[in-house]
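Lettering of chains follows the sequences in order, A, B, ..., and the numbering in each one begins at 1. The structure displayed is predicted, hence computed values, not measured ones.
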Amino acid sequence: MESTNPQEQSKRSEWLSFLIICVFLFPILSVVFVGGYGFIVWMLQLIYGPPGHSI
Amino acid sequence: MALSRRSFLKGILGSGGAAMVGPSLLAPLSAKAAEETWKISGSHWGAFRARIAGGTVVEIKPLEFDQNPTEMIEGIKGIIYSSSRIRYPMVRYEWYKNRGKAKPSTRGDNRFIRVTWDQALDLFYQELERIQTTYGPWALHAGQTGWRQTGQMHSCNNHMQRAVGMHGNYIRKVGDYSTGAGQTIMPYVTGSTEVYAQGTSWPLILENSKVIVLWATDLAKNLQVGWNCETHESFDYLKQLQAKVADGSIRVISIDPVKSKTQHLLNCEQQYVHPQTDVAMMLAMAHTLYSEELHDKDFLDTYTLGFEDFIPYVMGEGEDKIAKTPEWAAQICGVDAERIKELARLMAAERTQLIFGWGLQRQQHGEQPYWMGAILAAMLGQIGLPGGGVSYAHHYSSIGVPYSGASAPGAFPLNPDRPEDRVHQNSDYQGYSSTIPVARWVDAILEPGKKIQYNGTTSTLPDIKMMVFSGNNPWHHHQDRNRMKRAFEKLETVVAIDFAWTATCRHADIVLPACTQFERNDIDVYGSYSVRGVIAMHKLVDPLYQSRTDFEIMTELCRRFDKHKQYTRGMDEMEWVESLYQECREANKDRYVMPEFKQFWQDGIVLFDGMNNYVHHAAFREDPEINPLGTPSGFIEIFSRKIASFGYDDCKGHPTWMEKAERSHGGPGSDKHPLWLQSCHPDYRLHSQMCESKPMRERYAVQGREPVYMSPQDAKQYGISDGDLVRVFNDRGQLVAGAVVSDNYPQGVVRIHEGAWYGPEDEKMGALDTYGDPNTVTLDLGSSKLAQATSANTCLVSIEKFQGTAPAVTAFGGPSEVAPT
Amino acid sequence: MLSKLKALWRTMTRPAKHISLGVLTLGGFLAGVIFWGGFNTALEASNTEEFCIGCHEMRDNVYVELQQTVHWSNHSGVRATCPDCHVPHNWTDKIARKMQASKELWGTIFGTIDTREKFLAKRLELATHEWDRLSANGSLECKNCHEYASMDWDAMSEVARTQMEQAAERDQSCIDCHKGIAHELPENMAAASGALAGLQRQATSRFNPGQQYFSIRQLPLFTDSALSQEAGILNSGSVITVVAQQGDALQVEIDGWRKTKGFGRVINEEFGQNIREVTLEKEIATDDSMIQGFEVQEDPLTGLPWQRVSFQLWMGKEDLVDDREILWQEASELYVKNCSTCHSQPEEAHFDTNTWPGMWAGMLSFVNLDGDTQELVLKYLQKHSSDYSDGHH
């Protein structure tokens with residue numbers, strides 16, 4: 001089924017974008033950020049030594 | 001039932017205490033008469049098996065491993081069932097009644113009252129508390145320790161010092177009565193105590209030595225006993241040596257005024273020397289070696305320091321301008337000058353092992369013969385070679401027996417656990433020394449605050465008010481009884497823990513009955529230095545009378561200041577024994593397989609088969625730079641700058657011949673009291689241990705008294721016959737002994753073995769000793785400012801036939817029990 | 001394709017025209033909830049024993065060993081699993097640890113420790129990482145369950161109580177003493193003498209140039225960073241200063257004094273005091289290019305001349321600590337414990353520095369100490385002798 005209606009077209013792409021953002025982009029970005037944070041902490045630990053008392 | 005037994009025992013006491021006690025009468029009543037078992041145990045006299053029947057030890061036979069058992073094994077039953085056993089806790093009557101106001105002169109009156117264990121321990125604790133709070137740690141001397149009974153768990157010194165140490169600090173000793181001078185001088189000379197160091201193994205001596213010089217050492221007498229359970233393996237080598245003497249392959253020369261037991265065993269030569277003059281003889285030998293260029297110059301250059309500072313003294317270029325020629329020495333030591341030269345040449349020509357005993361250093365200036373002996377050995381240049389060099393301990397505790405290399409079991413800890421959490425933390429000794437030379441505590445009591453020189457430092461003698469002795473008998477091993485008596489009258493409190501009524505107990509205020517080692521479970525090393533194995537010490541019978549193990553006594557003492565849990569670490573006797581075994585098993589796991597504890601306890605012994613040989617100082621000889629000696633320079637110090645820096649007149653920078661305070665054969669004091677009294681280690685006892693064993697004593701006592709050995713010449717001169725009772729005396733005291741006339745002894749020399757129990761006629765100053773303790777008459781004098789060691793062998797006496805009826809022996813059988821009023 | 005992506009980008013970056021704010025927020029919120037749930041579920045899944053032993057490296061080695069210990073089976077029925085101890089509970093550190101696990105992933109893929117032999121060879125390194133981590137955080141993961149404040153001293157044996165109270169006072173890290181509590185110790189450590197094993201567990205793994213470190217036991221010294229040419233032996237309890245690091249090797253500087261009689265192979269810590277620091281090989285000791293010599297002084301008590309020297313050599317990184325007091329504390333305890341057997345041992349300050357070696361040698365026949373330990377205790381006694389103490393005797 002082919003739709004040529006630009007209105008329909010933009011609505012579809014809006015939902016598509018929304019789904020991509022919700023299901024792929026942001027989750028992946030979240031994981032990347034969290035992982036990146038963890039990686040930076042790890043690297044810092046390599047330089048400054050393992051974490052000390054943190055209570 | 002118990003009541004009747006008690007009154008029975010009282011009856012025995014009343015009848016003089018010498019009555020033979022049928023062992024079965026003393027056996028715990030619960031034991032069944034029919035039961036009969038064999039158990040294994042160890043002792044200073046060796047390992048043995050004991051047959052127990054009806055709760056009584058009925059037979060003791062040496063362990064099969066022991067090929068050379070001592071007959072002293074026979075004395076063990078006499079220890080367990082002696083009339084001198086302490087039956088219950090007792091307190092001195094006068095002290096109990098008047099405490100601080102007790103009349104000092106009553107000390108030693110032997111009047112005691114019986115108290116309960118709780119009363120006795122309460123008193124003990126209250127006195128510790130009073131001393132710590134009224135005075136401080138400087139007023140309590142609990143540091144005097146001795147030969148104890150064997151067993152690593154129940155070692156009584158450890159128990160007493162741990163318990164008293166948990167309550168507070170106290171005065172300690174340094175050194176010991178056996179080797180005080182030797183162990184202080186030798187670290188400056190060869191860098192180790194030598195007296196307690198492993199020596200060259202016998203197989204290497206037998207193989208390599210051509211000449212063995214036994215310098216005042218009686219191996220066959222002293223090797224009968226050991227610090228731990230003795231194996232007597234040394235005797236195998238003495239037997240081999242005997243064969244080599246017989247076939248002429250080894251020449252053994254015993255340099256000794258007396259024909260020793262060893263000399264008889266080996267059938268070897270003797271070289272007589274006047275008592276206390278060995279240093280003069282050695283200096284003359286050095287003179288000969290040097291003037292005949294027989295000394296090893298390369299050895300002296302490579303391995304020693306200070307020869308050039310010493311030799312002028314020998315050659316007459318020193319301060320005194322006297323050349324120490326053999327002719328000079330002959331006048332002093334009574335050895336012909338030619339003979340001295342001959343001996344020096346012989347030693348230089350052949351591989352020569354010098355072996356010294358300990359008696360030489362138990363005299364005034366006792367440091368000198370040991371130092372000079374090392375210099376002779378250095379001049380001969382054989383130190384570090386098998387069968388050459390010098391030894392100071394081949395008569396002691398299996399030294400020289402090839403060793404297994406195994407680890408021995410540890411012991412119940414002597415020190416309080418860390419962090420040290422004493423009831424009284426006070427460690428302020430108020431300027432007094434916290435550690436004093438072992439033999440100077442009587443000086444301290446008599447002259448508190450006196451400053452004495454000791455080993456490069458100044459000791460301030462503490463004002464001792466209370467003493468605690470456990471398994472320790474200073475009323476045998478210290479010198480000059482009457483001087484001791486004066487000192488003891490100044491003490492406020494004396495506590496003695498023992499299994500038998502020694503003279504120390506007699507002079508104490510609180511006496512606590514420990515059980516013997518045969519009434520507790522324990523573990524010991526078999527062979528102190530050879531570590532031939534580990535031996536179980538099965539409890540043969542339950543503690544007799546009201547006696548308790550030291551562990552139990554001290555746990556109960558600690559309970560009074562709430563330290564009993566720390567004291568025991570929550571473990572009981574068997575748990576301790578097992579843990580000592582387990583630690584040992586763990587330490588040996590790479591070398592020797594040891595069975596599980598249960599199996600070990602059942603077998604009774606685990607043996608290690610390793611036979612490692614050792615050459616004393618070989619590593620040093622091989623590379624003196626990498627393996628230096630423990631001296632300040634790392635080399636053998638013929639001249640010690642360090643000792644010279646102390647500036648002592650009685651111990652200079654090199655060995656010196658010095659006249660003694662008393663010396664026989666024309667020396668000082670010999671015009672008044674002509675005989676030299678030798679008080680060496682006994683042949684039938686271990687120090688004072690086993691003196692109370694009647695079956696053993698009967699073998700050597702003369703009319704119930706300790707023997708005094710003397711020459712036929714002296715006997716004739718003083719009108720004494722073999723078997724007579726005699727009075728031995730000098731200005732310090734008097735004793736009764738039984739004469740044994742023997743041509744083993746030269747004119748002017750008498751011997752009474754130390755360890756004879758002191759039994760004064762009464763508590764008065766100067767009282768006659770009824771049994772024959774030689775230390776009634778010995779001199780209480782520091783060997784020198786360096787070691788401040790005992791000088792027991794510097795002693796002159798007179799002797800006469802005892803006139804009239806000698807008083808009964810009071811040394812054995814315990815006190816007179818007084819009813820409390 | 002590119003134009004499609006561009007269109008998508010345009011849509012994403014502009015306000016929505018067709019979907020209401022409510023729907024977008026609700027959709028985002030729901031997606032967020034689902035995502036967070038999924039994320040945590042995944043995180044937790046990676047934090048389970050099953051996950052850990054999913055790799056045979058873990059299952060066949062450390063997991064088997066754990067099963068022999070009290071952390072696996074005990075009378076209270078509480079079990080510690082892998083992540084309880086090995087994954088930090090604090091979020092940041094946990095995430096960092098998860099990232100660090102990428103190394104383990106790498107290892108799995110390339111089979112770094114895929115055989116028992118490879119694992120054993122690498123065990124010390126791996127264990128050191130964990131010990132360092134636990135040392136740094138005061139054994140936080142242990143303390144999540146075991147607290148000093150909750151310990152009932154009375155219920156402990158005397159030995160345990162004494163040790164524990166001391167540790168509690170300093171809030172000591174559990175791992176200082178309890179290495180090897182859940183897995184086997186690295187081979188060479190388990191073989192180490194009972195006495196010094198405790199110290200070896202406290203060894204430093206981090207070195208700073210210019211700082212001083214102290215040897216736990218006798219350690220070989222080398223002329224090269226490959227640690228192939230032996231130059232001598234560093235004695236127990238001796239001081240070195242780190243100059244540089246290279247791989248597994250440290251370049252160290254040693255200063256001391258030596259007697260001029262002989263080859264000068266024995267380097268002592270101070271002038272006139274026989275406190276051995278290093279024993280050099282003869283070729284090294286006599287090589288002036290290796291050993292820098294300074295002033296010479298005569299020792300008045302022996303008459304022997306002593307020379308001050310300094311030299312640099314290489315050594316491994318094992319068995320060094322950064323605080324000498326750790327060594328002295330252990331040595332002092334060993335001295336008190338072992339010497340209790342015969343006599344009340346002389347106080348440290350009873351003898352002077354140069355008398356101790358002789359006295360100590362005489363005591364050795366009666367104690368069960370290996371060579372490393374003997375040397376350490378001797379050095380302790382010498383450094384606390386009358387020469388270094390104000391005590392009176």
Side-chain angles (χ1 to χ4, degrees), chain A, chain C residues 4-5 7-20 23-36 38-40 42-43 88-103 129-140 143-144 171 173 205-206 208:
Chain A
M1 192 170 85
E2 193 159 300
S3 165
T4 49
N5 186 343
Q7 197 75 9
E8 277 294 300
Q9 179 86 28
S10 94
K11 194 174 176 180
R12 228 184 107 211
S13 66
E14 233 168 54
W15 275 108
L16 187 68
S17 303
F18 177 64
L19 283 175
I20 287 172
I21 288 171
C22 274
V23 178
F24 298 103
L25 190 62
F26 279 21
I28 288 169
L29 278 176
S30 298
V31 170
V32 167
F33 278 128
V34 170
Y37 172 66
F39 187 81
I40 288 165
V41 172
W42 175 24
M43 289 301 122
L44 287 175
Q45 286 175 6
L46 284 185
I47 297 164
Y48 296 107
H53 286 267
S54 55
I55 306 163
Chain C
K4 276 195 173 174
L5 276 177
L8 205 60
W9 178 248
R10 243 193 327 272
T11 316
M12 282 178 185
T13 49
R14 287 186 188 158
K17 287 184 216 152
H18 308 283
I19 313 173
S20 73
V23 170
L24 279 179
T25 311
L26 181 70
F29 185 80
L30 284 175
V33 167
I34 291 164
F35 166 77
W36 192 240
F39 184 82
N40 269 337
L43 200 65
H89 297 210
N90 163 305
W91 192 82
T92 298
D93 297 333
K94 185 193 280 193
I95 296 303
R97 181 67 188 82
K98 289 289 166 197
M99 290 315 294
Q100 216 178 324
S102 55
K103 274 177 82 177
H129 291 159
E130 277 308 277
W131 294 335
D132 284 351
R133 190 177 63 73
L134 286 163
S135 297
N137 70 14
S139 300
L140 188 61
K143 287 174 181 169
N144 284 331
D171 193 23
S173 180
S205 50
R206 230 156 259 288
N208 300 319

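Listed here is the closest heavy atom pair of A/E14 and C/I19: OE1-N, 3.3 Å. Residues C/V23 and A/F18 share a closest heavy-atom pair of O-CZ, 4.3 Å. Contact between C/M99 and A/G35 at its shortest, heavy atoms only, is CG-O, 3.3 Å.
Chain A forms more heavy-atom pairs under 4.5 Å with one residue of C/K94, C/R14, C/Q100, C/R133 than with any other, namely C/Q100. Among the candidates C/D132, C/L134, C/I34, C/T92, the residue making the largest number of heavy-atom pairs closer than 4.5 Å to chain A is C/T92.
Only the side chain of C/A31 comes within less than 4.5 Å of a heavy atom in chain A; its backbone stays farther off. Using a 4.5 Å cut-off between heavy atoms, C/L24 contacts chain A through both its backbone and its side chain. The part of C/S102 that comes within reach of chain A is its side chain, from C-beta onward, which places non-hydrogen atoms under 4.5 angstrom from that chain. For C/R206, the part lying near chain A is the side chain, with the backbone staying farther off; criterion is any non-hydrogen pair under 4.5 Å. Interface remark: C/K17 contributes backbone and side-chain atoms alike to the contact with chain A (heavy atom separation under 4.5 Å).
Around the CZ atom of C/F29, the shell of radius 6.0 Å holds no more than 12 heavy atoms that belong to other residues, nucleotides or ligands.
By the 4.5 Å heavy-atom criterion applied to side chains, A/F39 and C/I95 are not counted as neighbours. No side-chain heavy atom of A/W42 sits less than 4.5 Å from a side-chain heavy atom of C/K98. A heavy-atom distance below 4.5 Å is found between the side chains of A/I20 and C/L8. For the pair C/F35/A/V23, no side-chain contact is recorded, criterion being any heavy-atom separation below 4.5 Å from C-beta on.
Note: C/M12 CE to A/L16 CG = 7.5 Å, rounded to the nearest 0.5 Å. The distance from atom CH2 of A/W15 to atom NE2 of C/H18, rounded to the nearest 0.5 Å, is 11.5 Å.
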A/V34 vs C/W91, test: side chain to side chain contact (heavy atoms under 4.5 Å, CB included). Steps then yes/no. CA-CA 11 Å; A/V34 170; C/W91 192 82; 3.9 Å; yes
